[in-house]
Amino acid sequence: MFDPKLKEALGRVQKPGRYTGGEPGSVYKDKEKVDVRFAFCFPDTYEVGMSFLGEKILYELLNSHENWWCERAFMPWLDMKAEMERLGLPLYTMESKDPLTAFDAVGFTLQYELSYTNILAMLDLAGIPFYSKDRDESWPLIVAGGPCACNAEPIADFFDVVQLGEGENQLPGICAEIEKAKKEGGVSKKELLLRIAKIPGVYIPAFYDVEYYEDGRVKAITPNEPGIPARITKAIIKDLNEFAPPTNFVVPMVGAIQDRASIEVLRGCVRGCRFCQAGFLYRPMRQRDAGLLNRAAQELCANTGYEELSLSSLSTSDHGQLEELLDELNEWAPKEHVSLSLPSLRVDNFSQSLIEKTTKVRKSGLTFAAEAGTQRLRNVINKNVTWDEIEKTCTIAFNAGYTSVKLYFMMGLPTETMEDIEGIAETAQKVVDLYYSLPKRGKGKGVQVTISCACFVPKPHTPFEFVPMDTEEMLRAKQKHLLESVRSRKIKVNYHDSTTSFLEGVFAKGDRRLAPVIVEAYKRGCYFDGWEECFKYDTWLQTFADLGIDPAFYCQRPIGLDEVTPWSHMDYGVTHEYLVREYQKALAAQTTQPCNRACHGCGANHLLGGPCFDYSKNLV
């Protein structure tokens with residue numbers, strides 16, 4: 001039975017199904033008979049959160065404990081947020097409809113830096129103080145995990161506990177300590193946190209002090225409690241086969257962005273692309289056995305009724321038993337009208353066999369990540385893909401009846417010149433020309449090549465963490481030059497907003513001094529920053545200015561190779577010395593000559609380690 005206020009709110013919003021719960025696969029327990037209640041919070045809309053595989057993994061894992069109950073909460077959209085504030089309705093979970101304050105722990109997943117103000121919005125709606133120092137034993141523990149935890153410093157002051165690495169071991173350990181403390185009674189928050197700090201990979205921000213130089217750089221990060229390690233080493237699952245994939249998804253009422261069955265086939269990546277934070281965070285690569293994956297996939301599709309199965313990972317085609325797995329899946333999937341999709345295919349190991357084994361029911365789209373437009377720049381970023389491999393892969397796809405291909409690139413990469421930007425357009429044009437050169441192509445059908453171009457954001461724990469991010473003016477000039485370089489209607493260009501990328505870069509490499517900025521920006525109306533229609537860039541810039549903080553300091557200056565970074569106390573298994581060596585290899589991979597082409601006053605970056613070349617003066 002819904003609370004009358006909730007019923008009133010649901011009657012006034014566009015998509016009430018986002019907030020009602022009751023979906024197939026939801027877990028319900030008697031709250032009087034459980035010892036630990038955990039609220040898993042996704043700081044974005046229901047549709048986005050219900051696409052997140054990590055939530056499904058942890059939801060099933062925690063609820064497998066008879067005396068624990070994991071429930072879900074999402075950031076309400078603008079209309080529902082306004083209604084909840086008008087009616088004084090606190091943020092609640094989907095299952096019990098209880099407010100977040102009724103839980104022992106409230107956990108947030110940190111998937112994207114631009115969701116930080118949404119975290120504050122959810123705490124605000126729940127009536128929970130933002131700062132950990134303002135919450136005593138009467139409040140739930142506020143927990144964080146996910147990829148952005150690798151530098152959670154901008155929001156560290158908001159959290160009691162931050163999990164570094166893979167949560168399948170950590171989160172049950174945290175819940176076990178909470179249960180133990182509750183049964184003992186009278187355990188202080190500090191004592192509980194000291195116990196939780198002993199769990200591998202757990203970071204307690206309050207147990208560390210940060211000192212700064214006068215110029216703003218970090219001087220030192222030191223523990224302030226006995227027994228607390230100087231560096232926290234990420235948690236890792238050595239054998240993924242010990243953790244079977246979830247087989248009971250909550251099936252959303254409102255269509256999720258990725259509304260399909262999904263099985264994680266492997267974790268990590270062997271490729272070593274220097275720009276890819278996920279490739280470094282999730283090392284080493286580990287894969288699940290084909291037999292285990294097949295059984296889990298069949299059970300998952302039977303339980304949920306999904307007719308599409310995605311084989312998920314950073315690089316699915318690198319799975320050593322992929323062909324065997326596809327053969328096993330195709331024993332039952334076509335009979336059940338279940339189609340297969342491989343969302344992360346590599347250009348250099350795509351094959352005719354993969355096409356045949358993944359299109360028995362229906363075709364899914366093809367996206368290939370070339371990342372850079374020239375071989376020189378691909379060598380710099382260690383993306384070992386050649387034009388010959390792109391040509392071979394597209395030939396296989398076009399001969400199999402595909403008439404559209406999406407190519408993923410980045411701009412703003414280290415050492416990038418305008419010739420590299422032109423190379424993006426040239427690569428797409430060569431794919432168009434290839435299609436029309438093939439005798440087996442679909443007769444009477446045209447081709448569509450879509451360029452999707454993201455703004456490169458240097459991230460912590462990668463060899464490019466030392467590199468300054470391109471300025472907004474540089475990125476816009478490159479976007480303009482890309483559009484001017486495309487001369488075919490068969491090529492469509494999409495690119496990311498450089499302003500959101502700038503803020504992402506600030507928070508990715510930021511420190512604890514940014515917490516007051518995030519709070520103040522939220523108070524001035526900033527939330528849903530990842531949504532174009534909600535992003536208030538001018539408000540952010542004014543907030544930085546009013547608080548006397550230069551955001552460019554964090555992402556648009558080079559970091560010294562011996563500099564202490566805000567994330568220096570976080571060990572993700574890749575040494576600082578290794579990152580420096582890879583950075584130096586990137587410099588060695590570049591050409592020694594800068595681009596000598598006048599580029600319409602773009603002011604593009606000169607080559608790292610090379611002479612400065614001022615395009616704005618049209619020098620040649």
Side-chain angles (χ1 to χ4, degrees), residues 112-114 273-279 343-347 365-383 385-387 390 393-394 404-432 447-459 462 464 467-505 508 530-532 535 537 555-556 595 597 599-600 602-605 615:
Y112 183 35
E113 291 85 353
L114 265 63
C273 299
R274 295 184 179 113
F275 60 86
C276 181
Q277 187 184 53
S344 52
L345 289 171
R346 290 281 306 191
V347 170
L366 287 179
T367 300
F368 298 110
E371 308 293 3
T374 62
Q375 194 60 49
R376 181 202 70 81
L377 191 52
R378 288 195 289 271
N379 292 342
V380 168
I381 65 176
N382 205 33
K383 181 74 176 184
V385 170
T386 66
W387 164 250
I390 297 172
T393 294
C394 290
S404 64
V405 171
K406 186 175 183 179
L407 299 176
Y408 182 86
F409 296 92
M410 289 182 289
M411 63 171 55
L413 289 163
T415 80
E416 185 177 74
T417 69
M418 284 302 180
E419 285 186 339
D420 298 309
I421 298 299
E422 292 165 18
I424 295 174
E426 291 167 2
T427 300
Q429 186 60 54
K430 287 164 75 173
V431 172
V432 171
V447 67
Q448 180 69 55
V449 177
T450 301
I451 295 171
S452 180
C453 200
C455 299
F456 173 63
V457 178
K459 291 293 180 81
T462 73
F464 290 152
V467 177
M469 181 178 174
D470 271 7
T471 65
E472 184 181 343
E473 293 74 22
M474 293 158 67
L475 290 169
R476 285 183 175 176
K478 290 177 180 181
Q479 291 167 346
K480 180 174 181 289
H481 193 63
L482 175 59
L483 292 174
E484 292 171 345
S485 300
V486 172
R487 296 179 175 84
S488 171
R489 292 183 179 179
K490 305 294 183 183
I491 300 173
K492 179 182 178 182
V493 179
N494 298 321
Y495 54 79
H496 289 186
D497 179 15
S498 59
T499 57
T500 56
S501 297
F502 171 67
L503 197 62
E504 178 185 343
W531 294 72
E532 182 179 353
F535 186 50
Y537 187 51
C555 66
Q556 290 179 340
C595 172
R597 182 172 299 183
C599 292
H600 315 293
C602 64
N605 245 345
Y615 294 100

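The figures here come from the full heavy-atom set of this structure, side chains too, leaving out hydrogens, waters and symmetry mates.
Judged as a salt bridge (Lys or Arg N to Asp or Glu O under 4.0 Å), the pairs with a partner in residues 449-459 (not counting sequence neighbours) are, in order, Glu113-Lys459, Lys459-Glu504.
Nearest approach of Val457 to Ser501, heavy atoms of both residues: CG2-O, 3.7 Å. The two residues Met410 and Cys453 make their nearest non-hydrogen contact at C-SG, 4.0 Å. For the residue pair Ala428 and Ile451, the shortest heavy atom distance occurs at CB-CD1, 3.6 Å. The shortest heavy-atom contact between Ala372 and Ile381 is CB-CD1, 4.2 Å. Contact detail for His496 and Gln479: the closest heavy-atom pair is O-NE2, 2.9 Å. Closest approach of Asp470 and Gly412 over heavy atoms only: OD2-CA, 3.3 Å.
Shown here are the salt bridge (Lys or Arg N to Asp or Glu O under 4.0 Å) partners of Lys383, two or more places apart in sequence or in another chain: Glu371. For Phe535, the side chain to side chain contact (heavy atoms under 4.5 Å, CB included) criterion is met by Asp497, Thr499, Thr500, Leu503, Asp529, Tyr537, Trp540, not counting sequence neighbours. The side chain to side chain contact (heavy atoms under 4.5 Å, CB included) check on Cys276 picks up Cys273, Ala278, with sequence neighbours excluded. Remark: Gln429 pairs with Asp433 by the side-chain hydrogen bond (donor to acceptor under 3.5 Å, both in side chains) rule, at least two apart or across chains. Every ring pair (Phe, Tyr, Trp, His ring centres under 6.0 Å) that Phe368 has, sequence neighbours left out, goes to Phe350. Residues passing the side chain to side chain contact (heavy atoms under 4.5 Å, CB included) test with Thr450 are Lys406, Gln448, Lys492, Asn494, sequence neighbours excluded. In this structure Arg378 satisfies the salt bridge (Lys or Arg N to Asp or Glu O under 4.0 Å) test with no other residue, sequence neighbours excluded. The side-chain hydrogen bond (donor to acceptor under 3.5 Å, both in side chains) test applied to Thr374 returns Asp420, not counting sequence neighbours. Under the rule for a side chain to side chain contact (heavy atoms under 4.5 Å, CB included), the partners of Lys430 that lie at least two apart in sequence or sit in another chain are Trp387.
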Phe502 and Thr471: side chain to side chain contact (heavy atoms under 4.5 Å, CB included), yes or no, with the steps? CA-CA 8 Å; Phe502 171 67; Thr471 65; over 6 Å; no
For the pair Leu377 and Glu416, evaluate side chain to side chain contact (heavy atoms under 4.5 Å, CB included) and give the outcome as yes or no after the intermediate values. CA-CA 7 Å; Leu377 191 52; Glu416 185 177 74; 3.9 Å; yes
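Going from atom SG of Cys455 over to atom CZ of Arg476 covers 10.0 Å, rounded to the nearest 0.5 Å. The OG1 atom of Thr393 sits 9.5 Å away from the CG atom of Leu366 when rounded to the nearest 0.5 Å. The CG atom of Leu413 lies 7.5 Å from the CZ atom of Phe275; values are rounded to the nearest 0.5 Å. The NE2 atom of His481 lies 10.0 Å from the CD1 atom of Ile424; values are rounded to the nearest 0.5 Å. Distance CZ/Phe456 to CG/Leu475: 11.0 Å, rounded to 0.5 Å. With rounding to the nearest 0.5 Å, the separation of CE in Met469 from OG in Ser498 is 7.5 Å.
Contact check on Arg376 versus Glu419 returns no salt bridge, with no Lys/Arg side-chain nitrogen under 4.0 Å from an Asp/Glu carboxylate oxygen.
Between the side chain of Arg274 and the main chain of Val380, a donor-acceptor pair closer than 3.5 Å is present.
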